[in-house]
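Quick one: the structure is below, questions incoming.
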Amino acid sequence: MRRTRMKREAQAESAIFDVVIIGGGASGAWLALDSASRGLKTLLVEQYDFAACTSSRSTKLIHGGLRYLRRLDIGLVRESQREKNLLLHMAGDFITPLKFQIPCFSPYETLKYKAGLRLYDFLSQNEKSSGAYSREEMVSKSPNLHHDKVHSLLTYFDAGFDDSRFAIELLKKAFTCGACLLNYTRLDFFIYDAKHKIIGARIKDQIDFEEFEVYGKTFINATGPFTDIVRKINNPSETKIMCLSRGSHIVVDSSFLGTDEALLIPKTVDGRVVFMIPWKGKTLIGTTEEGQAKPEKDPAVTPEEVSYLLSTVRQFLRHGPEEKDIISRFAGIRPLVRRIPHRSSKILSRRHEILIESTSKLVTLTGGKWTTSRLMAEETLNRMMAHDLLPFRPSITSTLLIQRLDNIPSLPVSEETLKEKIHYYVKEEMATCIEDILSRRERLLFLDPQRALQLAPKVAEILKTELEHEYPIEQDEKAFTKIVNNYCPQSVRLS
Ligand SMILES: Cc1cc2nc3c(=O)[nH]c(=O)nc-3n(C[C@H](O)[C@H](O)[C@H](O)COP(=O)(O)OP(=O)(O)OC[C@H]3O[C@@H](n4cnc5c(N)ncnc54)[C@H](O)[C@@H]3O)c2cc1C
């Protein structure tokens with residue numbers, strides 16, 4: 001998967017793609033795989049690195065969405081449960097079962113959540129089902145929980161994963177099916193025929209700043225939080241359909257959870273839920289739900305969000321984390337679709353939307369969740385075929401196996417493993433800078449930003465020998481230091 005080869009393929013004079021996908025997050029990656037595996041000539045362009053935006057900043061859950069039962073969004077839960085079970089089967093190397101605990105504080109709460117979990121199990125039709133711990137088990141399975149306050153500890157199963165790693169694996173699979181994939185390539189304008197149907201796009205390479213045109217029969221806007229911007233590139237008078245909501249996480253030592261099971265805190269001051277997730281040897285705490293004015297790659301976590309997360313989990317733990325215990329923090333932007341004007345993002349559905357613009361035929365896929373993105377892609381291409389935008393070919397993604405393709409050490413990144421890993425990430429995964437390596441192919445930036453900064457010069461040195469294009473080493477190191485500041489706890493400021 002070499003970038004120069006991909007670019008040549010996209011630029012080839014004779015290249016007319018059946019499907020051009022704008023956006024390389026969860027939606028774009030599944031669209032590329034679905035399209036290429038149907039035998040369609042497919043191009044994907046991503047303005048940053050693959051999964052650089054929302055799709056690397058999730059809570060790392062493939063889940064049925066227990067909390068959506070509160071809103072009686074039964075259809076979404078059933079759909080998500082089905083997708084979760086399918087993904088566990090087809091991508092077991094990357095998606096693994098995760099047991100959750102729910103602390104209940106009264107007999108009423110116990111009854112209420114037990115009933116909810118029964119329904120959740122029923123909608124899942126999975127043999128791994130919910131249960132409850134005895135008092136003794138509660139102490140051993142959740143040693144840091146406030147046992148004296150808790151009436152019962154219920155359990156259920158969902159799944160965990162590494163989001164950006166999985167996006168890259170999906171893209172590698174799409175490549176093996178023939179897809180052409182370009183990171184750091186931004187779509188700026190569309191090109192139209194006499195009837196104002198889109199036939200091409202002007203795109204700009206963000207590494208060498210070369211501008212060029214690509215041509216295609218169909219174009220899909222899969223740009224998540226950037227959806228409205230791309231819709232406006234196509235039609236400046238287009239109305240906004242997105243409601244952006246920021247969700248933040250903090251990362252603390254694994255001892256605060258004290259178990260390899262996740263904890264769902266079922267009640268917060270603003271009527272939401274907060275998760276504590278065991279992830280790669282640390283504990284991830286999230287998330288918040290705050291209005292976000294405009295899309296951005298690296299949204300900042302505010303001090304208020306940090307206080308909210310800390311105070312929420314402290315009520316449930318014997319030794320709760322404090323600000324000084326925060327190792328890292330990160331935020332992502334939910335691309336929610338506002339079907340009813342002025343609705344708060346907290347009650348907007350996580351369902352997806354597929355729109356086909358009547359004249360230009362620009363297809364938009366937006367909303368949804370990581371968990372349902374395979375199905376979203378399948379439905380989008382089916383819809384395009386039903387509208388005669390593409391010849392009919394059945395989707396086969398539900399029958400594919402997504403397996404590890406590399407044999408590089410799965411050890412945490414270190415000075416010893418760095419060279420071998422970077423060689424692979426450049427050659428097979430189109431990594432181009434320090435952030436691509438330490439943020440999305442390895443997750444060190446999310447897990448320990450200060451350690452990531454220590455490793456950065458070594459990464460840069462190796463990158464210089466691996467990359468095919470000219471690599472501005474000092475500029476990249478400076479840019480990475482700036483990014484690291486966004487992840488470091490507030491008390492740490494790096495220059
Ligand atoms: C805090 C948080 C926690 C979440 N947790 C979970 C979870 O645990 N489980 C779950 O199932 N879901 C979760 N979600 C939802 C899930 O992460 C998103 O639904 C999903 O990642 C959205 O993917 P996407 O591809 O639509 O958007 P994105 O990942 O944002 O991808 C869109 C891409 O389009 C690119 N782009 C934009 N404009 C252009 C252009 N002009 N040219 C080229 N490229 C362009 C962007 O750079 C971006 O990379 C969470 C979301 C948030 C915010």
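Atoms within a ligand are numbered from 1 in the order they appear, just like the ligands themselves. Atom set for the values below is all heavy atoms of this structure, side chains included, hydrogens, waters and symmetry mates excluded.
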Check: Based purely on interatomic distance, does Q47 place a nitrogen or oxygen under 3.5 Å from a nitrogen or oxygen of ligand 1?
Finding: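 Checking ligand 1 against Q47, an N or O pair does fall under 3.5 Å apart.
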Margin query: Is there a polar contact between ligand 1 and W370, counting only N or O atoms under 3.5 Å apart?
Written below: yes
Next item on the list: Give a yes/no verdict on whether any heavy atom in K297 is under 4.0 Å from an atom of ligand 1.
Entry: no
Notebook entry, point to check: Is the closest N or O pair between S55 and ligand 1 shorter than 3.5 Å?
Noted result: yes
Item checked: Side-chain (T288) to main-chain (S248) donor-acceptor, under 3.5 angstrom ->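 Looks like yes, one N/O pair under 3.5 Å.
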Check: Would you say the side-chain atoms of S55 pair up with the backbone N or O of A26, donor to acceptor, closer than 3.5 Å?
Finding: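 Such a contact is found between S55 side chain and A26 backbone.
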Notebook entry, point to check: Under 3.5 Å, side chain of R202 to main-chain N/O of D188, donor-acceptor pair present?
Noted result: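 Not confirmed, R202 side chain does not pair with D188 backbone.
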Note to self: Does any N or O of ligand 1 fall below 3.5 Å from an N or O anywhere on S245, backbone included?
What the structure shows: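 N/O-N/O distance below 3.5 Å does not exist for this pair.
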Next item on the list: Flag S248 as yes when one of its N or O atoms lies below 3.5 Å from any N or O atom of ligand 1, and as no otherwise.
Entry: no
Next item on the list: Using a 4.0 Å heavy-atom threshold (strictly under), name the region of H249 that reaches ligand 1: side chain, backbone, both or neither.
Entry: side chain
Checklist line | Donor-acceptor under 3.5 Å (D476 side chain, I434 main chain) | finding: yes
Check: Do R374 and T397 have a side chain donor and acceptor closer than 3.5 Å?
Finding: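 A donor-acceptor contact under 3.5 Å links the two side chains.
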Margin query: Surrounding NE2 of H89 (heavy atoms of other residues, nucleotides or ligands, distance under 6.0 Å), is the total greater than 12?
Written below: no
Check: Any luck finding a side-chain donor-acceptor pair between N234 and Y192 under 3.5 Å?
Finding: yes
Next item on the list: With atom 30 (O) of ligand 1 as the reference point, say which of G160, G25, A222, P225 has the nearest heavy atom.
Entry: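 Ranked by closest heavy atom to atom 30 (O) of ligand 1, first place is P225.
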Item checked: Atoms in ligand 1 with a heavy atom of Y48 nearer than 4.0 Å -> 47 (O)
Notebook entry, point to check: Does the side chain of H352 come under 3.5 Å of the side chain of E379 through a donor N or O and an acceptor N or O?
Noted result: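 Judged by distance alone, the side chains do pair up.
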Margin query: Quick check: T287 and ligand 1, any N/O pair under 3.5 Å apart?
Written below: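 For ligand 1, there is no N or O atom that lies under 3.5 Å from one belonging to T287.
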Next item on the list: If you have a sec, work out which protein heavy atom is nearest atom 7 (C) of ligand 1 and how many Å separate them, to one decimal?
Entry: L61 O, 3.4 Å
Margin query: Using a plain distance cutoff, I'd like to know if L187 has any nitrogen or oxygen under 3.5 Å from a nitrogen or oxygen of ligand 1.
Written below: yes
Check: Is it the case that K41 places NZ or CZ above or below the six-membered ring of F17, under 6.0 angstrom from the centre and within 45 degrees of the axis?
Finding: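 Verdict for F17: a cation-pi partner in K41.
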Next item on the list: Run the contact test for T185 against ligand 1 with a 4.0 Å cut-off on heavy atoms, strictly below, and give the result.
Entry: yes
Note to self: Using a 4.0 Å heavy-atom cut-off, which part of I333 comes near ligand 1: side chain, backbone, both, or neither?
What the structure shows: backbone
Margin query: For atom 34 (O) of ligand 1, which of the options A201, G28, G23 provides the nearest non-hydrogen atom?
Written below: G23
Notebook entry, point to check: By number and element, which atoms of ligand 1 are closer than 4.0 Å to a non-hydrogen atom of K369?
Noted result: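 Taking each heavy atom of K369 in turn, ligand 1 has 10 (C), 11 (O), 12 (N), 19 (O) under 4.0 Å.
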Notebook entry, point to check: atom 27 (O) of ligand 1: which protein heavy atom is closest, and how many Å away?
Noted result: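 So the nearest neighbour among protein heavy atoms is G224 CA, 3.5 Å.
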Checklist line | Top protein contact for atom 18 (C) of ligand 1, by heavy-atom distance | finding: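 So the nearest neighbour among protein heavy atoms is T54 CG2, 3.9 Å.
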Check: Do E429 and R165 sit within salt-bridge range, that is, some charged N less than 4.0 Å from a carboxylate O?
Finding: yes
Note to self: Between the side chains of D158 and K99, is the shortest nitrogen-to-carboxylate-oxygen separation below 4.0 Å, so that they form an ion pair?
What the structure shows: no
Margin query: A side-chain contact here means heavy atoms from C-beta on lying under 4.5 Å apart; do I250 and L284 qualify?
Written below: no
Check: At what distance is the nearest protein heavy atom to atom 32 (C) of ligand 1, and which residue and atom is it?
Finding: T223 C, 3.4 Å
Item checked: Side-chain donor or acceptor of E290 paired with backbone N/O of E305 under 3.5 Å ->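 Between the backbone of E305 and the side chain of E290 there is no qualifying donor-acceptor contact (under 3.5 Å).
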Margin query: Could you identify the single nearest non-hydrogen protein atom to atom 1 (C) of ligand 1 and state the distance to 0.1 Å?
Written below: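 Answer for atom 1 (C) of ligand 1: G247 O, 3.4 Å.
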Next item on the list: Output yes when D162 and K60 qualify as a salt bridge under the 4.0 Å nitrogen-oxygen rule, no when they do not.
Entry: no
Note to self: For atom 2 (C) of ligand 1, what is the closest protein heavy atom, and at what distance to 0.1 Å?
What the structure shows: R57 O, 3.8 Å
Checklist line | Residue F226 vicinity, atoms of ligand 1 by number, heavy atom under 4.0 Å | finding: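 Taking each heavy atom of F226 in turn, ligand 1 has 37 (C), 38 (N), 46 (C) under 4.0 Å.
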Next item on the list: Using side chain to side chain contact (heavy atoms under 4.5 Å, CB included) as the criterion, point out the one residue from V230, I354, T227, L336 that pairs with T366.
Entry: T227
Check: If hydrogens are left out, which of A29, S58, A52 has an atom nearest to atom 6 (C) of ligand 1, that is, the closest non-hydrogen atom?
Finding: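 Heavy atom nearest to atom 6 (C) of ligand 1 belongs to S58.
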Check: By number and element, which atoms of ligand 1 are closer than 4.0 Å to a non-hydrogen atom of T371?
Finding: 10 (C), 11 (O)
Checklist line | K60: numbered ligand 1 atoms lying under 4.0 Å from its heavy atoms | finding: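 By the 4.0 Å cutoff, the relevant atoms are 8 (O).
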Note to self: Could you check whether any side-chain N or O of K369 sits under 3.5 Å from a backbone N or O of S80, counting only pairs where one atom can act as donor and the other as acceptor?
What the structure shows: no
Check: How close does the nearest protein non-hydrogen atom get to atom 52 (C) of ligand 1, and which residue and atom is it?
Finding: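 Protein heavy atom with the smallest distance to atom 52 (C) of ligand 1: R334 CG, 3.7 Å.
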Check: Does E46, backbone or side chain, put an N or O under 3.5 Å from an N or O of ligand 1?
Finding: yes
Check: Is any N or O atom of G332, backbone or side chain, closer than 3.5 Å to an N or O atom of ligand 1?
Finding: no
Notebook entry, point to check: For ligand 1, is there an N or O atom under 3.5 Å from any N or O atom of A26?
Noted result: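 Yes - when backbone and side-chain N and O of A26 are compared with those of ligand 1, one distance drops under 3.5 Å.
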Check: Just checking, any donor-acceptor pair under 3.5 angstrom between side chains of D436 and Y48?
Finding: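 Looking only at side-chain atoms, Y48 and D436 do not form any donor-acceptor pair under 3.5 Å.
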Notebook entry, point to check: Which residue and non-hydrogen atom of the protein lie closest to atom 19 (O) of ligand 1, and at what distance in Å?
Noted result: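 Of the protein heavy atoms, G368 O, 3.2 Å lies nearest.
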Notebook entry, point to check: Which atoms of ligand 1 have any heavy atom of I22 under 4.0 Å away?
Noted result: 40 (C), 42 (N), 43 (C)
Next item on the list: Evaluate the ring planes of Y156 and F100, with Trp represented by its six-membered ring, and classify them as parallel (under 30°), tilted (30 to 60°) or perpendicular (over 60°).
Entry: parallel
